[in-house]
Amino acid sequence: MNFREIEKKWQDIWEKEKRFEVKNFEPNKKNAYILIEFPYPSGKGLHTGHVRSYSALDAVARKKRMQGYNVLFPMGCDAFGLEAERTAIKEHKLPQEIVARNIAIFKEQLKMVGLSVDWSREISTCDPDYYKWTQWQFLQFYKHGLAEKQETTVNYCPNCGVLANEEVENGFCCQCKAEVTQKSKAQWILKMTKYADRLVEDLKDTNYMDHIKTSQINWIGKSEGEKVTFKIKQGGSFDIFTTCIETIYGITFMVLAPEHHLVEELKDKIENYDEVLEYINQAKRKSEFERSELNKGKSGVCLKGITAINPVNNKEVPIYLGDFVLASYGSGAVMAVPSHDQRDYEFACEHNIELIPVITGKNEKSGCAYEKQDYLNDNATLINSEEFSGLEVHEAKKQIALKLENMGVAEKQVNFKMRDWIFSRQRYWGEPIPMVYCEKCGWQPVPECDLPVTLPKVDSYEPTLDGESPLSLIEDWVNTTCPKCGGKAKRETDTMPGWAGSSWYFMRYCDPKNDKEFASMDALKSWLPVDLYNGGNEHTTRHLLYARFWNKFLYDIGLSPVSEPFKSRISQGLVLGSNGVKMSKSLGNVVDPRDVINEYGADSLRVWESFMGDYFQSVNWSDDGVKACNKFITKVYNFQDILIDGESYSKELEVSIHTAIKKVTNDIDNIKFNTAISALMILANDVAKVGKINKAEYKTLLTLLNPFAPHITEEIWTNQHFEPQIKDAVWPTYDESKLVKDEIEYALQINNKIIDRVNIKTNATTSEIEDIAKNNSKIVEALNGRNIIKVIVIKDRLVNIIAK
RNA sequence: GCCGAAGUGGCGGAAUGGCAGACGCACACGACUCAAAAUCGUGCGGGAAACCAUGAGGGUUCGAGUCCCUCCUUCGGCACCA
């Protein structure tokens with residue numbers, strides 16, 4: 001049988017019929033929105049790992065349609081990004097060309113899989129008709145005060161300009177191996193932190209898998225504590241944030257981020273300023289990630305000649321710079337309590353600073369700090385803390401905070417781990433940020449009627465050495481007029497990050513051709529929220545957060561109908577190469593779906609990808625598995641040879657059929673595709689054993705298999721002239737009463753050891769079952785006169801007799 | 001370092017706290033064949049057995065792959081979260 005030929009035939013028919021095109025409103029039908037993260041069309045094309053989620057979610061979509069839903073199952077491309085730009089530079093082509101080429105490959109691959117995608121809604125983030133609206137939405141952020149320019153640091157390579165984190169390897173440029181430093185730069189940011197609380201709070205309105213909710217919550221990282229002002233003896237003051245105010249009497253030093261403004265302000269008073277400068281320069285060479293690694297040692301330098309005053313007892317303590325303190329979190333300064341914080345402890349050991357224990361309960365010589373998570377559980381009390389000594393920790397926390405607040409040196413503060421979203425990139429291949437700078441009027445938004453601000457086509461779009469975007473070199477594009485005063489002005493040359501376009505694409509799918517607005521409210525109302533959103537694990541924190549934030553903002557200004565855009569979110573496991581390593585071109589373990597489809601057919605590939613293992617876990621690719629699924633499909637195909645008449649299920653297959661319907665239905669709903677396929681294989685085995693199958697049974701089998709193997713099932717269905725056509729077939733339902741067998745086998749145990757197995761009538765009562773067990777001859781023999789202490793009856797499973 | 005996920009036969013993996021290994025691969029034997037492939041049938045964790053087996057060690061329970069604690073290993077994410 002030539003699978004490929006059959007599949008091509010049906011794919012052409014579907015396309016010609018526009019079988020999967022969907023209307024926004026379909027009277028008498030409920031809408032369902034099934035979404036897969038749109039792929040980034042890299043030059044590598046899709047590998048069999050991508051096909052796993054596509055075939056799985058396609059099965060969900062196809063089943064939903066047969067259950068009477070109006071299903072939106074769209075596809076598009078996340079086309080802006082670094083890789084296309086790099087490839088373009090390497091191949092001396094335009095990124096536009098590279099992307100067009102990659103999209104063509106990717107579409108060819110996807111179409112061969114036979115997905116029920118509505119291709120008429122296809123979008124691409126680099127299409128001006130699309131990014132016009134990304135820009136328009138940025139302007140709304142700006143107009144509502146959520147976008148502004150702020151000083152941030154960027155990775156800077158003297159030869160290659162600004163680098164992405166990804167391009168920095170151990171502090172060196174991945175291209176030219178030059179040393180990378182951190183450079184200060186004004187960049188556009190979106191004030192996502194304003195939404196931090198709601199982004200945590202509203203997770204309760206979603207059905208994300210628990211670990212995904214946890215990831216979101218941890219990323220946002222809300223913590224409540226005190227902001228405390230410390231005076232500097234030599235003049236001035238600074239703020240710190242702490243969640244452990246109860247340890248304030250244990251402070252033996254303070255640590256500032258190397259970038260802290262005090263260093264500059266107090267430079268005349270710092271006795272070892274040269275040494276300090278040297279340390280700051282060193283810190284500039286490290287990325288935040290490197291600085292974050294505890295095992296890199298506790299580097300730091302003492303600011304000699306200046307000291308801080310602990311407001312609680314006026315004690316004078318030294319101030320250090322330490323690169324483990326980040327300027328971007330809290331106030332860029334911490335109070336250090338080495339007896340009760342491990343990191344402070346290690347820093348103190350390194351720099352020979354004293355320890356003052358202020359909480360009871362732990363041997364001081366244990367070589368580590370007695371930290372919050374431990375002492376909070378120990379009902380510990382304070383020591384060495386003046387009037388607070390003897391208080392239980394929770395009480396001390398309250399009273400110390402109160403005292404400091406009354407003194408006017410502290411206030412309650414909520415901090416978030418999450419930061420505002422740095423939205424500028426000094427890159428060519430992204431959406432131009434639609435802002436104009438006028439000497440007189442400052443930053444001005446491009447008038448909405450002038451959107452999109454299109455990317456100019458240029459010859460050179462390599463990053464510039466002055467750290468500006470390559471767009472800055474295109475003078476006739478940069479120079480423009482001020483929308484406000486009409487005078488000379490310059491365009492913003494930074495572009496948006498790849499995350500921008502992907503933060504709202506699911507909305508555009510609802511109304512992809514709209515040229516009046518990014519999507520009409522009616523269209524959005526009919527589809528949102530997305531019922532099932534699937535994507536990679538690597539996107540369950542950042543992309544998901546950005547998209548939720550973006551939507552929440554649009555919701556607030558009345559442009560999105562829902563406050564949470566995704567009802568549920570799942571993430572598929574990776575498909576690794578057959579050697580158990582992530583598929584990559586350089587390792588030569590990439591499997592192209594086109595090769596598999598040409599050899600075994602798309603249906604075999606799809607069934608195998610569903611069957612290969614738990615959807616959420618990673619799994620190794622195997623060719624043998626495709627072969628096995630091909631065998632299974634062929635077996636179902638060959639049932640045409642043993643087909644007999646019959647419009648209702650036969651007695652012989654009735655239980656098998658109802659069992660399969662129940663299992664496949666529930667398993668698809670619960671994202672357990674592997675056991676759904678297994679249930680279908682069991683049904684096929686039962687049919688083979690019986691040696692015949694009637695029309696009603698075959699139709700049900702084909703319907704259940706259709707979401708996974710849509711081509712071959714439609715081929716068989718059409719060959720046999722089954723009525724109605726499969727596209728109008730209705731998903732079968734099962735009858736619970738038909739699942740009940742007359743008898744069930746029970747294991748009879750004594751003290752958890754199996755003594756015998758017996759069949760017991762399904763409708764037997766617990767006491768009847770107990771009696772059968774007690775009177776069983778093998779049990780009686782094994783008991784050998786021992787006393788029965790307890791009998792445990794587990795319905796449909798076992799009886800366990802506890803005897804002494 | 002932090003956050004998240006996961007470790008079950010030769011392999012991929014099943015298993016609402018209840019008979020571990022469903023379903024499939026590989027393998028072996030048999031049928032069909034001159035032969036092979038395909039197909040069909042049988043067997044298939046270890047052990048002669050008692051028993052032993054779900055990364056290691058503890059715990060809860062009549063009963064633990066599943067729940068709790070301590071470790072080890074692998075994978076994904078990261079912006080040290082004070």
Side-chain angles (χ1 to χ4, degrees), chain A residues 165 209-223 225 240-244 247 255 287-296 322-326 328-337 341-344 346 371-372 415-419 422 536-542 571 573-574 576 578 580-582 608 611-614 616-629 631-632 634-635 638 672 674-682 684-685 688 745-754 757 789-803:
Chain A
N165 284 341
M209 296 200 299
D210 280 343
H211 74 269
I212 296 179
K213 283 190 185 182
T214 306
S215 302
Q216 296 267 299
I217 290 167
N218 289 347
W219 184 271
I220 295 166
K222 180 175 179 172
S223 59
I240 61 101
F241 172 74
T242 180
T243 57
C244 307
T247 62
V255 188
S287 69
E288 285 194 351
F289 182 58
E290 287 172 302
R291 283 169 58 172
S292 80
E293 286 189 289
L294 269 178
N295 53 3
K296 291 250 157 120
D323 64 12
F324 72 88
V325 177
L326 300 182
S328 52
Y329 181 76
S331 54
V334 301
M335 64 181 219
V337 183
D341 181 286
Q342 185 61 24
R343 204 181 34 199
D344 297 347
E346 285 165 22
E371 291 195 281
K372 181 163 57 172
N415 260 14
F416 294 97
K417 170 185 171 182
M418 183 177 78
R419 302 182 200 155
I422 297 175
N537 270 310
E538 69 275 21
H539 291 138
T540 51
T541 43
R542 300 185 68 184
S571 299
L574 290 173
L576 307 169
S578 50
V581 184
K582 210 170 170 175
W608 169 232
F611 183 56
M612 65 194 343
D614 184 306
F616 304 115
Q617 303 305 324
S618 59
V619 63
N620 297 2
W621 174 257
S622 131
D623 283 324
D624 287 340
V626 197
K627 225 192 292 178
C629 292
K631 204 165 103 180
F632 163 63
T634 307
K635 186 176 187 171
N638 289 337
K672 295 174 75 127
N674 54 336
T675 48
I677 300 295
S678 153
L680 287 166
M681 286 173 168
I682 291 170
N685 289 345
E745 190 187 79
Y746 277 69
L748 305 184
Q749 302 178 324
I750 295 176
N751 296 338
N752 302 307
K753 255 183 209 169
I754 295 171
R757 294 168 207 278
I789 292 167
K790 195 174 166 188
V791 179
I792 296 152
V793 176
I794 307 296
K795 193 93 173 95
D796 298 347
R797 301 267 177 188
L798 55 79
V799 181
N800 188 12
I801 297 172
I802 312 301

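Keep in mind that this is a model prediction, so the values were computed, not measured. Proteins come first, then strands; the chains are lettered A, B, ... in the order of their sequence lines, and each starts at number 1.
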For B:G59, glycosidic torsion class - syn if within 90° of 0, otherwise anti = anti
Do the side chain of A:Asn415 and the main chain of A:Ser223 share a donor and acceptor less than 3.5 angstrom apart?
-> no
Rounded to whole Å, CG of A:Asn415 lies from P of B:A79 at a distance of 18 Å
A:Asn218 CG to B:C81 P, straight-line distance once rounded to whole Å = 11 Å
With sequence neighbours excluded, residues passing side-chain contact (heavy atoms from CB on, under 4.5 Å) with A:Asn685 = A:Lys635
Does A:Lys753 have any side-chain contact (heavy atoms from CB on, under 4.5 Å) partners at least two apart in sequence or in another chain, and if so, which?
-> none
Taking the C1' atom of each, how far is B:A6 from B:G13, in whole Å?
-> 14 Å
Using heavy atoms to find the nearest nucleotide of RNA chain B for A:Leu798 and A:Ser215 separately, return the residue whose nucleotide is more 5′.
-> A:Ser215
When the distance from CG of A:Asp614 to P of B:U8 is rounded to whole Å, what number comes out?
-> 13 Å
In terms of heavy-atom contacts, A:Val255 and A:Gly322 come closest through CG1-N, 3.4 Å
A:Asn751 and A:Ala803 have their tightest heavy-atom pair at OD1-N, 3.0 Å
Determine the interatomic distance between P on B:A64 and the same-named atom on B:G17; round to the nearest Å.
-> 14 Å
Would you indicate what A:Lys222 reaches in the nucleic acid, counting non-hydrogen atoms under 4.0 angstrom: base, sugar-phosphate, or nothing?
-> nothing
Looking across every strand, which nucleic acid part, if any, lies under 4.0 Å from A:Met335 by heavy atom: base, sugar-phosphate, or nothing?
-> nothing
How long is the line joining CD1 of A:Ile220 and P of B:C78, in whole Å?
-> 16 Å
Any donor-acceptor pair under 3.5 Å linking the side chain of A:Gln749 with the backbone of A:Ile802?
-> no
Using atom P of each nucleotide, how far apart are B:C11 and B:G1 to the nearest Å?
-> 31 Å
Can you see which heavy atom on A:Tyr746 is nearest to which on A:Asp796, and at what distance?
-> OH-N, 2.8 Å
Per-nucleotide pairing state of RNA chain B [Watson-Crick or G-U, under 3.5 Å; [ ] pseudoknot-crossing; | other strand] | (((((((..(((.....[....))).(((((.......))))).((....))..(((((..]....))))))))))))....
For B:U42 versus B:G24, give the span between their P atoms, rounded off to a whole number of Å.
-> 12 Å
Do the non-hydrogen side-chain atoms of A:Trp608 and A:Asp623 ever get within less than 4.5 Å of each other?
-> no
What is the nucleic acid contact for A:Val334, judged by heavy atoms within less than 4.0 Å: base, sugar-phosphate only, or nothing?
-> base
Nearest-Å distance, CG (A:Asn620) to P (B:G10)?
-> 17 Å
Looking only at atom P, what distance separates B:A50 and B:G59, rounded to whole Å?
-> 27 Å
Atom CG of A:Asn638 to atom C1' of B:U39: distance rounded to whole Å?
-> 9 Å
Measuring from A:Asp624:CG to A:Lys631:NZ, what's the distance to the nearest 0.5 Å?
-> 10.5 Å
Quick one: what's the B/S/- string for nucleotides 21-27 of chain B, heavy-atom cutoff under 4.0 Å, read 5' to 3'?
-> -BBSS--
Mind listing the N/O atom pairs, protein and nucleotides 49-53 of chain B, below 3.5 Å?
none

Spacing between A:Asp323 atom CG and B:C81 atom P, to the nearest angstrom | 14 Å
Sequence neighbours excluded, which residues qualify as salt bridge (charged side-chain N to carboxylate O under 4.0 Å, His left out) partners of A:Lys222?
-> A:Asp197
Using atom C1' of each nucleotide, how far apart are B:G7 and B:A14 to the nearest Å?
-> 16 Å
How many Å lie between CZ on A:Phe616 and C1' on B:A14, as a whole number?
-> 16 Å
Compare every heavy atom of A:Met335 with every heavy atom of A:Thr247, then report the nearest pair and how far apart it is.
-> OG1-CE, 3.5 Å
A:Arg542: side chain to side chain donor-acceptor pair (under 3.5 Å) partners, not counting sequence neighbours | A:Tyr546
Pairwise P distance for B:C69 and B:A22, with rounding to whole Å | 32 Å
Which sits closer to the 5' end of RNA chain B, A:Gly613 or A:Arg797, going by the nucleotide each is nearest to?
-> A:Gly613
Taking side chain to side chain donor-acceptor pair (under 3.5 Å) as the test, write out the residues that go with A:Asp614, two or more places apart.
-> none
Which nucleotide sits closest to the side chain of A:Gln617: B:C81, B:A5, B:A82?
-> B:A5
Can you tell me, in whole Å, how much space there is between the P of B:G10 and that of B:U54?
-> 13 Å
Results of side chain to side chain donor-acceptor pair (under 3.5 Å) for A:Thr243 - residues two or more places apart only = A:Lys372
Between protein and nucleotides 58-65 of chain B, what N or O pairs are separated by less than 3.5 Å?
| residue | atom | partner | partner atom | Å |
| --- | --- | --- | --- | --- |
| B:C62 | O2' | A:Asn752 | ND2 | 2.8 |
| B:C62 | O2 | A:Asn800 | ND2 | 2.8 |
| B:G63 | O4' | A:Asn752 | OD1 | 3.1 |

Apply side-chain contact (heavy atoms from CB on, under 4.5 Å) to A:Thr541 and list each qualifying residue two or more places apart in sequence or on a separate chain.
-> A:Ser215, A:Trp219
By side-chain contact (heavy atoms from CB on, under 4.5 Å), which residues pair with A:Ala333, not counting sequence neighbours?
-> A:Phe238, A:Ile240, A:Leu256, A:His260, A:Ser331
